[in-house]
Amino acid sequence: MIKEKYLGVEVCCVNQKSVLCEVENIVEKRKPSFIVAINPEKIMKAQKDTDLLNLLNSADIQIPDGIGVVIASRLKGGNIRNRVTGIDLMQNICKKSSEKGYSIFLLGAKIGVAEKASKILMEKYNGIKIVGVRDGYFKNEDEVVEEIKRVKPDILFVAMGSPKQEYWIKKNIDNLSVPLCMGIGGSLDVICGNIKRAPKWMCSLGLEWLYRLIKEPWRFKRMTVLPVFLFKVIRER
Ligand code: UDP
């Protein structure tokens, strides 16, 4: 898999289709691997946090989740042309799993959310095997790990926000014996309709950030990282 690097953080040059092929490979080979979604906010955070930088780079697949990464790639003559958003990838993996018979565990979000999301996914993807659900506010980590080990999923989605979910995956991946782990942030809330996504036309114009800004104006400060990120990328040799 070809990777590009922006301010020290690796991002894979992939699209939905190529990641899905890789997912199939990972599940068939059963070598524990994990997917992390990369956006400018995470890259900027990693500038001041070496542990986070190493964590992001230690993932097997870094998907270009934010539009800022796509713009950076264009500016630097790279080959990343489209976003591969975590929520779309997660749902595509669910679809593939229903076709291939891969089993899934949903971990994270508030009590009841993963359960509701699993019902929605079962209605949407006929035959999908969801072998376990668990909220993301547990006290006893060992108990959760044991629960996952007992049901032996092929894929574990962890929705505990970033970078908490990635640290959790990294810490437990060797012990879990799950071929594929992926951090999915607020995706379970989106599936349940607790959070609305931008309309398709806005997503396709790369304006999802504008939608979120209108809906959640307090995110403004977080969004100012995009111009700073691009400025730094341009100056990077
Ligand atoms: N969450 C959790 N455990 C925690 C903290 C957060 O399960 O200890 C869940 C929270 O309920 C929400 C998700 O993690 O469903 C965080 O979503 P957010 O959109 O903040 O994540 P991002 O994609 O921005 O990293």
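The figures here come from the full heavy-atom set of this structure, side chains too, leaving out hydrogens, waters and symmetry mates. As the structure lists them, so they are numbered: ligands from 1, and atoms in each ligand from 1.
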Under 4.0 Å from ligand 1 - residues by heavy atom, chain and number: Gly108, Ala109, Lys110, Gly136, Tyr137, Ala159, Met160, Gly161, Ser162, Lys164, Gly185, Gly186, Asp189

Value rounded to 0.5 Å, distance of NZ in Lys152 from OG in Ser177: 8.0 Å

Sole candidate of Arg197, Lys17, Lys200 that passes salt bridge (charged side-chain N to carboxylate O under 4.0 Å, His left out) when paired with Asp88: Arg197

Pairs meeting criterion salt bridge (Lys or Arg N to Asp or Glu O under 4.0 Å) with involvement of residues 114-127, two or more places apart: none

Ile93/Phe157 under side-chain contact (heavy atoms from CB on, under 4.5 Å): CA gap, chis, key distance, verdict: CA-CA 10 Å; Ile93 292 176; Phe157 290 118; 3.8 Å; yes

Worked check of side-chain contact (heavy atoms from CB on, under 4.5 Å) between Met90 and Leu188: CA-CA 10 Å; Met90 185 231 170; Leu188 297 179; 4.2 Å; yes

Residue pair Pro153 / Ser103: nearest heavy atoms and the distance that separates them: CA-OG, 3.3 Å

